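Below: the structure, in structure tokens.
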Amino acid sequence: MQVLTASVNDVRYIVALLRGINFSNRASVTLSADLGIIVTVEEARTLLATSYIYSDHFDEWNYSAEISGPASSQLSDPHVDLSTVTFEIPLNTLIECLNIYGTAGMSAAGGNSSHKKWRREGDRSDDERYGEHRDGRQQARGAGNAPGSNRIDQYFGGGSDKGTRARLSYAGSGHPLTLWLAEDSSGPTTTCEIVTFDPEPFIELPFDGDRTVLKIIFKSSSWLRDALSELDPSCDKITFISNPVAEVRKAHRGMPAKPLFRIIATGAFGTTEMDYPNDREVLETFECFRPMRASYNFAQVARTLRALQSSTKTSLRIDDEGLLSLQFLVPVPKPRAGLSDSFIEFRCLALDEEIAS
């Protein structure tokens with residue numbers, strides 16, 4: 001019995017979500033009936049990146065939770081979620097297999113998307129949505145079932161665009177992740193089997209929305225992407241400084257000027273400062289509850305550039321201990337019509353000596 005069988009008509013958008021976190025080869029993959037595929041990587045026990053590939057991104061999605069032999073001991077552990085299956089996989093190998101025909105590197109979600117809105121009317125906030133991701137309470141979104149035939153046309157459907165179609169299957173612990181790939185129904189097919197490994201624990205960096213001191217939604221990811229791209233790669237440290245709007249307004253009354261939101265990059269060759277205005281065309285949402293300053297390893301923050309390139313909007317949050325959360329909205333076409341919002345999230349610990357309020 002297969003734990004997972006899924007197919008997708010164009011792997012470009014899946015690969016874009018994977019490449020956004022491809023800075024570490026060791027990736028933890030969690031399969032869930034409600035959330036689809038959750039891929040997580042970490043670096044130096046201080047940076048955690050997660051990519052969400054929802055079940056409605058696939059033309060076919062069939063998932064059945066695995067109950068393994070030692071489940072009797074797991075049933076007594078309230079912390080084990082028996083509705084999910086987790087394994088580790090070499091992320092580079094997975095991406096290379098999906099791009100075996102060389103068509104997975106084409107422009108995907110970020111560049112030409114007309115998707116404009118960060119939240120549609122009636123949508124939940126990113127805090128609410130992420131909380132449901134972690135708790136597994138989100139309702140499953142529509143996933144079609146492919147016919148039971150073995151014909152490749154029925155697995156991959158029609159479509160005239162040049163791209164790689166893929167079918168994934170996973171039989172459970174100890175089995176490989178199997179990929180069946182083709183460019184079209186009449187051409188050659190390729191089967192890849194990627195070895196999976198038992199998962200090892202990753203660092204947990206929970207973000208408590210009630211402890212948020214700064215929340216910004218950039219109307220376009222380009223406002224942050226261009227800023228990070230222009231900074232000297234040799235910089236050691238990046239600092240975010242922010243003040244409530246009321247504190248900034250006092251500067252016009254003869255008091256010392258305070259930045260609304262400032263990025264400072266520091267390196268051996270000097271310091272670069274960038275200030276953002278209180279402009280809804282730049283910062284769609286700005287909430288700062290008290291003056292704050294927090295610094296991070298620049299190389300780790302720069303890891304987000306690939307995700308920024310694929311995203312349309314960016315949410316930046318910092319809590320009272322300096323934990324940084326960056327969420328990147330990545331619109332992905334649904335198999336039949338419309339767009340489905342996916343996202344990539346980075347969480348980064350602040351440098352201990354560089355947290356101030």
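This one's a predicted model, so the numbers in the text were calculated from it and none came from an experiment.
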Inter-residue atom distance N22.CG - I95.CD1, 0.5 Å rounding: 3.5 Å

Approximate separation, where rounding is to 0.5 Å, of I344 CD1 and L17 CG: 5.0 Å

Closest non-hydrogen atom pair between L329 and P331, with its separation: O-CD, 3.7 Å

Distance-minimising heavy-atom pair for L324 and L316: CD1-CG, 3.9 Å

V41 vs L47 side-chain heavy atoms within contact, under 4.5 Å: no

Residues forming a salt bridge (Lys or Arg N to Asp or Glu O under 4.0 Å) with E96, sequence neighbours excluded: none

Check: S221 main-chain N/O paired with S311 side-chain donor or acceptor under 3.5 Å: no

Any side-chain heavy-atom pair of T314 and L326 under 4.5 Å: yes

Euclidean distance, S64 OG relative to L31 CG, rounded to 0.5 Å: 11.5 Å

Results of ring pair (Phe, Tyr, Trp, His ring centres under 6.0 Å) for F261 - residues two or more places apart only: F240, Y276

Rounded distance (nearest 0.5 Å) linking atom CG of L4 with atom OG of S32: 11.0 Å

Pairing residues for R306 by the salt bridge (Lys or Arg N to Asp or Glu O under 4.0 Å) criterion, not counting sequence neighbours: none

Check against side chain to side chain contact (heavy atoms under 4.5 Å, CB included), I14 and H57: CA-CA 8 Å; I14 307 299; H57 298 349; 4.2 Å; yes

Shortest non-hydrogen separation from L323 to F207 and the atoms involved: O-CE1, 3.4 Å

Residues F286, F218; criterion side chain to side chain contact (heavy atoms under 4.5 Å, CB included); working and verdict: CA-CA 9 Å; F286 179 84; F218 294 89; over 6 Å; no

Flag, side chain of T103 to backbone of T164, donor-acceptor distance under 3.5 Å: yes

Residue pair L224 / I263, side-chain heavy-atom distance below 4.5 Å: yes

Ion pair check, K313 and E284, cut-off under 4.0 Å: yes

Short side-chain to backbone donor-acceptor contact, T196 and H175, under 3.5 Å: yes

Contact list for residues 264-280, test salt bridge (charged side-chain N to carboxylate O under 4.0 Å, His left out), sequence neighbours left out: R262-E273, R262-D275

Closest approach of L231 to T272 (non-hydrogen atoms, all atoms of both residues): CD2-CG2, 3.8 Å

Pairs where residues 223-235 contributes a residue and the test salt bridge (charged side-chain N to carboxylate O under 4.0 Å, His left out) is met, not counting sequence neighbours: none

I216-V245 co-clustered via ILVMFWY side chain contacts under 4.5 Å: yes

Sequence-distant partners of F87, ring pair (Phe, Tyr, Trp, His ring centres under 6.0 Å), two or more places apart: Y170

Residues clustering with M1 (ILVMFWY side chains joined when closer than 4.5 Å, directly or via others): none

F346 and V301, any side-chain heavy atoms less than 4.5 Å apart: no

Working for side chain to side chain contact (heavy atoms under 4.5 Å, CB included), residues L94 and L18: CA-CA 9 Å; L94 175 59; L18 295 174; 3.8 Å; yes

Single-linkage hydrophobic cluster V330~L305, side-chain heavy atoms < 4.5 angstrom: yes

Heavy-atom donor-acceptor pair, R347 side chain to S325 backbone, under 3.5 Å: no

Main-chain N/O of Y52 paired to S342 side chain as donor or acceptor, under 3.5 Å: yes

P259 vs N243 side-chain heavy atoms within contact, under 4.5 Å: yes

Ring geometry between W61 and Y63 (parallel below 30°, tilted from 30 to 60°, perpendicular above 60°): parallel

OG1-CD1 distance between T50 and I38, expressed to the nearest 0.5 angstrom: 8.0 Å

Derivation and outcome, side chain to side chain donor-acceptor pair (under 3.5 Å), residues T30 and T84: CA-CA 7 Å; T30 299; T84 64; 5.9 Å; no

Partners meeting salt bridge (Lys or Arg N to Asp or Glu O under 4.0 Å) with R45 (sequence neighbours left out): E42

Sub-4.5 Å side-chain heavy-atom contact between N99 and R19: yes

Check against salt bridge (charged side-chain N to carboxylate O under 4.0 Å, His left out), R26 and E88: CA-CA 7 Å; R26 174 195 164 208; E88 287 190 6; 3.0 Å; yes

Under 3.5 Å: donor-acceptor pair, side chain of T212, backbone of G209: yes

Exam field: side chain D236 to backbone G267, donor-acceptor pair closer than 3.5 Å: no

Exercise: identify the closest heavy-atom pair between F298 and L228: CZ-O, 4.5 Å

Close side-chain approach of Y13 and V15, heavy atoms under 4.5 Å: no

Rounded distance [0.5 Å steps], CD1 in I238 versus OG1 in T266: 9.0 Å

Residue list, side chain to side chain contact (heavy atoms under 4.5 Å, CB included) with S169, at least two apart or on another chain: Q2, T5, T178

Residues clustering with F289 (ILVMFWY side chains joined when closer than 4.5 Å, directly or via others): none

Non-hydrogen side-chain atoms of D319 and V213 separated by less than 4.5 Å: no

Side chain to side chain contact (heavy atoms under 4.5 Å, CB included) assessment of Q300 paired with T46: CA-CA 9 Å; Q300 292 186 338; T46 56; 2.8 Å; yes

Residue list, salt bridge (Lys or Arg N to Asp or Glu O under 4.0 Å) with E281, at least two apart or on another chain: K219

Under-4.0 Å salt bridge between E60 and R167: yes

Side-chain hydrophobic cluster, 4.5 Å single linkage: members besides I264: I241

Closest contact, heavy atoms only, S55 versus A33: OG-O, 4.3 Å

